[in-house]
Every structure is written in structure tokens, then in C-alpha cells.
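This is a predicted model, so every value here is computed, not measured. Just so it is clear: chains get the letters A, B, ... in the order the sequence lines come, proteins before strands, and each one is counted from 1.
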Amino acid sequence: MVSVVADGECRWRIEPAGAMRVPGVVFATAGLLPDAPGDQALQQVADVATLPGIVEASYAMPDVHWGYGFPIGGVAATDPAQGGVISPGGVGFDISCGVRLHTSTVTRADAAPHVGRLMDLLGAATPRGMGRGGVLPAVQPAELDEILLGGSAYTVERGFGDPGDLAFCEDGGAVAGADPGALSARALARGKGQVGSLGSGNHFLEVQAVDRIYDERVAGALGLRPDLLCVMIHCGSRGLGHQICSDHVRVMLSAMERYGIRVPDPQLACAPVTSPEGRRYLAAMAAAANYGRANRQLLTHAVRRCFRNAGLGEVRLLYDVSHNLAKLERHMVDGAARELCVHRKGATRAFPPGHPDLPDPIRAVGQPVLVPGSMGTASYVLVGVTDGRAFHSACHGAGRTLSRHAAVRQAPVEAVRRELAAAGVLVRGASERGLTEEAPEAYKDVDEVVHTCRRARLADPVARLVPVGVVKG
DNA sequence: ATGTAC
């Protein structure tokens with residue numbers, strides 16, 4: 001059992017031991033620490049600290065929980081110039097899973113008479129659940145390549161969105177360096193029929209209302225005001241991203257010995273960033289990231305049509321950001337700028353005010369950090385802070401406390417439906433299994449997680465959003 | 001998260 005020691009405000013430290021090259025650092029209250037008997041999340045934080053080239057520490061966000069190899073809520077940066085590695089398990093199976101948030105032009109009260117119809121339209125317009133079907137019919141190989149190279153930017157070119165949307169997408173809507181040729185035939189086959197689809201599990205499309213503003217200046221700059229109706233989309237790269245992760249874990253497992261890399265868990269399979277295996281994964285990962293962003297952009301297009309059909313006006317993109325991705329970023333380490341490979345898995349980039357990668361209209365206030373709550377609970381908008389930690393990263397959600405299996409065992413579907421109805425949340429399209437796996441009782445308290453981000457200096461809360469209606473797989 | 005095992 002790994003032990004943690006208190007190390008400041010909402011901060012815990014795992015001392016380097018054995019093969020650990022750096023300490024583990026967990027940002028949490030005592031109550032948020034994943035310390036149930038048998039839980040491996042803290043062991044995973046320690047295991048990540050053994051990776052070649054890791055810099056500063058193996059970090060965990062307040063929503064940390066047990067994942068594949070790396071914990072979900074984990075952040076780890078490696079230095080490619082010092083033998084630093086890239087690990088598919090540090091990105092996760094759902095490559096570029098992320099969140100986009102839109103504002104509308106109507107308040108909750110103005111929209112109230114039309115919300116039932118809006119939810120019916122959104123339910124009908126949102127391909128979801130396991131398997132096939134998307135906003136686009138099965139795409140031909142040439143078009144799939146365009147999506148893998150161009151992401152949201154390509155779909156906007158095709159007419160699925162406003163050119164102005166792209167400024168509010170991380171990376172302008174497309175990650176550079178994507179290579180469709182780095183994808184297996186199976187990954188391509190799984191991707192062709194799911195372009196513009198929600199998926200299942202914790203993915204959702206939610207109509208929300210602004211419930212509380214924490215910072216009026218920043219909220220104003222982002223276009224958020226009390227009672228404003230908003231739409232949040234949480235989805236990823238579907239079967240295509242999953243297949244890429246599986247493919248490259250296998251490749252790296254067999255390559256590690258050649259590079260003299262030993263890891264404490266095969267799920268931490270990795271290769272040097274500068275190696276052929278490392279570069280090929282990054283090129284495939286970028287392609288999956290673009291697929292995920294195109295996916296979310298197509299759902300935005302569907303949302304806009306639904307709002308117009310319901311007589312509820314226009315919808316503006318506030319921001320789109322991934323929380324499962326590795327990126328090459330410049331960071332200051334011990335007073336010197338270094339180019340690092342930052343893995344964020346279930347963790348959101350949180351660039352500070354003034355960062356050059358942020359678009360003009362929001363650069364002054366910092367990068368929006370979009371935090372979806374568990375089903376039926378609040379979601380949050382935060383912004384990155386100047387004194388941010390963990391290579392400018394923050395939480396990505398509430399964080400599970402119960403496995404999917406345990407969640408299904410502990411609550412009957414009727415109880416979950418009653419709870420959502422009592423909270424006044426309209427539900428469309430949710431499967432019984434989806435509802436029980438995603439019961440709020442299986443998650444940490446998102447309010448506490450967000451509050452902890454502020455106390456730990458990861459990001460500052462801007463606004464709290466509450467659910468009005470949800471479309472789920 | 002995921003054609004919940006190829």
C-alpha cells in the first residue's frame with residue numbers, strides 16, 4: 001500500500017522509493033483521496049513516477065481514480081531530450097475525449113415552455129449508444145483521411161459550423177502532425193461509421209442553465225450570465241481511438257526491451273518520444289484527436305439546427321478542450337524553458353491568462369476549463385491561473401468512486417430515474433445500463449472537486465451550471 | 001471508454 005504525506009494546501013506527496021525517479025503529488029482533500037482497500041490509483045501515481053525522462057513529479061488531480069496503467073486524473077510530463085517516453089496508457093483508450101460548451105441567447109425562464117420539444121429534437125438528432133451511426137453517413141476512405149487530418153476545421157469547411165467556431169477550439173480545431181497512414185485497417189474500419197456520434201458510458205449532451213457566477217469579470221468575457229441556457233457536449237473518438245490505443249500498446253510492449261525500458265506494469269507500455277514507435281503513436285494519436293474534435297463539431301451543428309427548429313435562437317461555441325491527450329508544450333522547469341511531452345489523462349489543460357496559444361477574445365482571462373459533473377449534478381467552467389500547478393492542468397470531472405459493475409449492483413434503474421425526475425432533469429435516449437452505471441452515487445462530489453482545484457491552485461471557478469435536460473447513450 | 005474477448 002502506497003502511503004501519502006500531507007504537503008501543503010490540498011496537496012499530498014508520495015516519497016520516491018524503489019524505481020521512482022520523481023515524487024508523486026496528489027492534489028486532494030483527505031476525503032477525495034482514493035484510499036479504499038484494494039484501490040490501485042495511488043499505486044498507479046507511484047508507478048508513473050518510474051517512467052524514463054519524467055520531469056518534476058507524477059501528478060494526480062482531485063478527481064483521480066483507478067485507470068488503465070496511469071490513473072484517470074493523472075498528469076505526467078517527460079523530456080524527449082532526456083530519453084522521455086510517450087505512453088498510450090497515459091492518454092487513455094478514448095483519445096481526445098473532451099468537452100465543448102456553448103452558450104445560447106435565451107434564459108432558462110424564456111426557454112421553459114419549449115424545453116420539452118428541444119429535448120425531443122436533440123434526442124432525435126444525436127446518434128448515440130454503442131456501435132454504428134453518426135451525423136455523417138459512413139464516410140469514404142478519402143473523406144475519413146480529411147477528418148483525421150483536419151478535425152473540426154475540416155468539418156467547418158464542409159459547412160458543419162461557423163468559421164468563427166475554430167478560434168474557440170483548442171489547437172484551432174486540428175492537432176498538427178496527424179498521419180492517417182499510422183492507423184491500422186481495423187481502426188479505420190471502426191471509425192468510418194461513427195463520425196458525429198456521442199457514444200455511451202459517461203458521454204452526454206446536456207442542456208444546462210447558469211446557476212451561479214463566481215467571477216463576474218471572467219464570466220462576462222466568456223459570455224456567461226445568470227440563468228443563461230447552455231449546451232455541453234462530452235464525447236471522444238469512439239471505436240477508432242480505442243483501436244489505436246490497443247494497437248500501439250501492443251507495439252510498444254514488444255519494443256520496450258529494445259530501448260532498455262522496464263516498467264512496473266505492462267499497462268505502462270511506452271517508447272521514447274523520439275523513437276519510430278513513439279513518433280508513430282503520436283501521429284496516430286493526433287489523427288484520433290482530430291476525429292474526436294470533428295465528432296464534437298458535427299454534434300454542435302446538430303444542436304444548432306435543433307435550437308432553430310425549437311424557436312430558441314442561435315448557439316455560440318464558448319470553448320472545446322480535450323481531457324485525454326499528450327501534447328508537446330514549452331514549460332519552465334527550475335527556471336529554464338523546456339519542450340516537454342505532457343500526458344493528461346482525465347485531466348484538462350488549464351493555460352493561464354496571457355498564454356500565446358489562447359485566442360484573442362479570451363487570452364486576457366485564461367483558458368476555459370470545462371468540467372462535466374456526474375449525471376444530474378452540476379457542471380463547472382473554470383479558468384487557468386497564473387500560479388497553476390502540474391504543467392497547467394486541472395480536473396476533468398467528478399471522478400468515479402464505484403466501478404461500473406459496482407454502480408449497477410447498488411442502484412436499481414427506477415431509483416436513478418426517480419432521482420433525475422426529482423431534480424427536474426429531462427432525460428432522452430438513455431439505456432438502463434447507462435443510467436445505472438452513471439448514477440451520481442458512483443461519483444465524487446463535483447462541487448468538492450472543483451473547490452479543491454481552486455484551493456490547490458490548479459484553476460479558479462467561474463460559473464456553476466445545472467442540468468435541465470440530458471441526452472445519453 | 002470500447003463491436004464489455006479475435
Integer-rounded Å distance: dT4(B) P and Gln243(A) CD: 12 Å

Atom-pair distance (CZ on Arg128(A); C1' on dG3(B)), nearest Å: 19 Å

Enclosure of Lys192(A) NZ (heavy-atom neighbours >12, cutoff 6.0 Å): no

Arg238(A) vs dT2(B): side-chain N/O to OP1/OP2 distance below 4.0 Å: yes

Rounded distance (Å) that lies between atom C1' of dT2(B) and atom CD1 of Ile95(A): 12 Å

Listed nucleotide nearest any side-chain atom of Arg186(A), set dT2(B), dT4(B), dG3(B): dG3(B)

Sugar-phosphate only, base, or nothing, as touched by Arg190(A) at under 4.0 Å among non-hydrogen atoms: base

Gln367(A) side-chain N/O to Arg349(A) backbone N/O, donor-acceptor pair under 3.5 Å: yes

Spacing of Arg250(A) atom CZ relative to dA5(B) atom P, expressed in whole Å: 16 Å

Side chains of Arg132(A) and Gln194(A), donor plus acceptor under 3.5 Å: no

Residues that Glu56(A) engages under side-chain contact (heavy atoms from CB on, under 4.5 Å), provided they are two or more places apart: Tyr59(A), Val333(A), Phe391(A)

Atom pair distance, as rounded to whole Å: NE2 in His248(A) and C1' in dT2(B): 17 Å

Rounded distance [0.5 Å steps], CG in Asp247(A) versus OG in Ser184(A): 3.5 Å

Gln194(A) vs dG3(B): side-chain N/O to OP1/OP2 distance below 4.0 Å: yes

Sugar-phosphate, base or nothing in reach of Gly201(A), heavy atoms under 4.0 Å: sugar-phosphate

For atom CE of Met130(A) and atom P of dA5(B), their distance in whole Å: 10 Å

Value in whole Å for how far the P atom of dG3(B) lies from CZ of Arg433(A): 12 Å

N or O in side chain of Ser246(A) less than 4.0 angstrom from dT2(B) OP1/OP2: no

Length of the line joining Asn324(A):CG and dT2(B):P, which is rounded to integer Å: 11 Å

